[in-house]
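Structure record follows, encoded as structure tokens.
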There are 2 protein chains.
Amino acid sequence: MPYIQDSFRRQGLRFTPQRYAVLDYLRKHPCHPTAEEVYKAVNRRDPRASLATVYKSLHALARAGLIREVNLAGNATRFESVTGPHHHFLCERCGRLEDVPWFDVPGLAKKARAAPQAVRTWELILRGLCKSCQSRTRGRANWEN
Amino acid sequence: MPYIQDSFRRQGLRFTPQRYAVLDYLRKHPCHPTAEEVYKAVNRRDPRASLATVYKSLHALARAGLIREVNLAGNATRFESVTGPHHHFLCERCGRLEDVPWFDVPGLAKKARAAPQAVRTWELILRGLCKSCQSRTRGRANWEN
DNA sequence: TTTTGTGCAAAAGGTTTGCATACGA
DNA sequence: TCGTATGCAAACCTTTTGCACAAAA
């Protein structure tokens with residue numbers, strides 16, 4: 001995959017081990033980790049990597065369009081390496097964020113064109129109970145995984 | 001409007017001046033204020049009102065279903081008094097959050113029923129440039145209301 | 001060699017909490 | 001009266017910043 005380096009260069013970004021580690025982690029962990037989680041993993045690999053740099057790397061990668069940040073709950077921002085358009089499901093009990101395969105919303109493109117705003121993208125947010133929270137209707141939040 | 005008091009009681013919540021002030025402010029300002037903004041307004045009316053109480057009131061009201069919190073950008077949570085289902089538009093330049101009249105997504109109810117998750121609600125998030133940001137394509141963010 | 005990125009520690013938001021006191025039901 | 005809500009200040013969590021040093025291009 002020599003493409004990554006090119007994506008970096010195309011954006012005038014330098015290709016550093018830290019940035020690569022962050023991107024690599026996100027690509028291998030599509031579970032929408034927080035900055036803290038990315039930091040812990042990257043730091044385990046290279047103990048010199050700092051939290052501030054992870055944050056800066058995440059922003060740099062987002063600017064370059066290589067990753068995306070998702071901000072739906074009130075707590076920490078979550079990150080994902082973009083794999084094309086998709087929707088999101090947010091579990092109201094445990095906070096788990098899941099991808100939902102993309103499907104087009106019929107008529108929305110037309111509506112968007114007619115709107116007073118210049119709509120560039122759209123996304124559907126579904127909320128409810130995730131699979132594992134459905135079984136434990138009266139339990140506490142489950143934070144595993 | 002004696003209904004508000006009832007809504008409170010029905011949820012086992014006490015009807016306090018602070019809570020009423022918070023709800024009232026949100027009803028009269030549908031521009032999705034932050035907790036800080038609500039606090040400033042409420043505190044102007046009653047200088048004894050504290051920020052902590054505003055936060056607690058916002059949560060109490062949300063639990064009671066009288067208001068809703070919206071969390072789309074990475075910054076402060078925004079609040080709105082629910083006026084029925086609607087979608088949201090978020091300006092990518094100035095951060096302005098606008099309501100978009102509700103319209104049903106055809107076929108989604110069926111998709112939701114077939115999903116592994118128990119989908120309870122859904123909402124569309126549109127992103128792009130708001131009206132005033134379109135005119136100033138090269139300007140800074142505009143924060144006037 | 002010239003930028004740009006990194007690491008550290010400190011600061012800056014935004015939000016929550018503990019506890020004594022006040023107050024609604 | 002009883003139990004919940006308030007106000008205050010301190011704590012907390014997440015994210016950003018300033019600056020000297022390191023390392024890509």
Side-chain angles (χ1 to χ4, degrees), chain A residues 2 4-23 32-40 42-64 66-67 69-79 95 97 141 143, chain B residues 2 4-23 32-40 42-64 66-67 69-79 95 97 141 143:
Chain A
I4 300 179
Q5 246 184 96
D6 293 345
S7 302
F8 275 62
R9 259 199 291 273
R10 231 175 285 130
Q11 304 294 327
L13 294 175
R14 286 187 183 169
F15 184 74
T16 68
Q18 291 88 337
R19 286 174 177 178
Y20 176 76
V22 168
L23 179 58
H32 308 89
T34 62
E36 187 72 34
E37 283 161 352
V38 174
Y39 163 67
K40 278 196 187 127
V42 167
N43 182 268
R44 215 173 293 131
R45 218 150 93 169
D46 173 4
R48 288 184 20 102
S50 75
L51 178 57
T53 297
V54 166
Y55 270 104
K56 287 168 186 169
S57 298
L58 287 167
H59 291 152
L61 290 165
R63 239 180 293 126
L66 290 167
I67 68 170
E69 38 188 289
V70 187
N71 233 303
L72 294 179
N75 36 38
T77 303
R78 296 178 166 275
F79 298 85
L97 187 62
W143 293 103
Chain B
I4 300 179
Q5 248 184 94
D6 292 344
S7 303
F8 275 61
R9 258 200 290 274
R10 230 175 286 129
Q11 304 294 327
L13 294 174
R14 287 190 183 164
F15 184 74
T16 67
Q18 292 86 340
R19 286 176 177 177
Y20 176 75
V22 167
L23 179 58
H32 307 91
T34 62
E36 187 73 34
E37 284 160 352
V38 175
Y39 163 67
K40 279 195 186 127
V42 168
N43 182 269
R44 214 173 294 131
R45 219 148 92 170
D46 173 3
R48 288 184 20 102
S50 75
L51 179 56
T53 296
V54 166
Y55 270 105
K56 288 168 185 167
S57 299
L58 287 167
H59 292 152
L61 290 165
R63 239 181 294 127
L66 290 169
I67 67 169
E69 39 187 289
V70 188
N71 230 303
L72 294 177
N75 35 39
T77 302
R78 296 176 166 278
F79 298 85
L97 187 61
W143 291 103

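First the proteins, then the strands, lettered A, B, ... as listed; each starts at 1. Remember, predicted model here, so these are calculated numbers, not experimental data.
In this structure, A:Y39 places its OH atom 16 Å from P of D:dT16, rounding to the nearest Å. In this structure, B:N75 atom CG and D:dT16 atom P are separated by 10 Å, rounded to whole Å.
Under the side-chain hydrogen bond (donor to acceptor under 3.5 Å, both in side chains) criterion, B:R10 pairs with no residue, sequence neighbours left out. Not counting sequence neighbours, the partners of A:E36 by the side chain to side chain contact (heavy atoms under 4.5 Å, CB included) test are A:T34, A:Y39, A:K40, A:L51. Here A:R45 pairs with A:D24 under the salt bridge (Lys or Arg N to Asp or Glu O under 4.0 Å) rule; sequence neighbours left out. Not counting sequence neighbours, A:T16 has no partner by the side-chain hydrogen bond (donor to acceptor under 3.5 Å, both in side chains) test. Partners of B:Y20 by ring pair (Phe, Tyr, Trp, His ring centres under 6.0 Å), not counting sequence neighbours, listed by chain and number: B:F15. With sequence neighbours left out, the side-chain hydrogen bond (donor to acceptor under 3.5 Å, both in side chains) criterion links B:N71 to B:T77.
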Starting at the 5' end of nucleotides 3-8 of chain D, put B wherever the base has a protein heavy atom under 4.0 Å, S where only the sugar-phosphate does, and a dash everywhere else.
BBSBBB
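Here B:T77 lies in heavy-atom contact (under 4.0 Å) with sugar-phosphate atoms only.
Between A:L13 and A:A64, the shortest heavy-atom distance links the atoms CD1-CB, 3.6 Å. Smallest separation of non-hydrogen atoms from B:F8 and B:R14: CD2-O, 3.3 Å.
One finds the CG atom of A:L58 at 4.5 Å from the CZ atom of A:F79 (value rounded to the nearest 0.5 Å).
When DNA chain C is scanned in the 5' to 3' direction for atoms under 4.0 Å from non-hydrogen atoms of chain A, the outermost contacting nucleotides are C:dT3 to C:dA9.
Within the structure, side chain to side chain donor-acceptor pair (under 3.5 Å) contacts touching residues 47-63 of chain A (residues at least two apart or in different chains) are A:S50-A:T53.
A sub-4.0 Å separation between OP1 or OP2 of D:dT15 and a side-chain N or O of A:Y55 is present.
Comparing the axis of the opening five pairs of the helix from C:dT1-D:dA25 to C:dA25-D:dT1 with that of the closing five pairs yields an angle of 50°, rounded to 10°.
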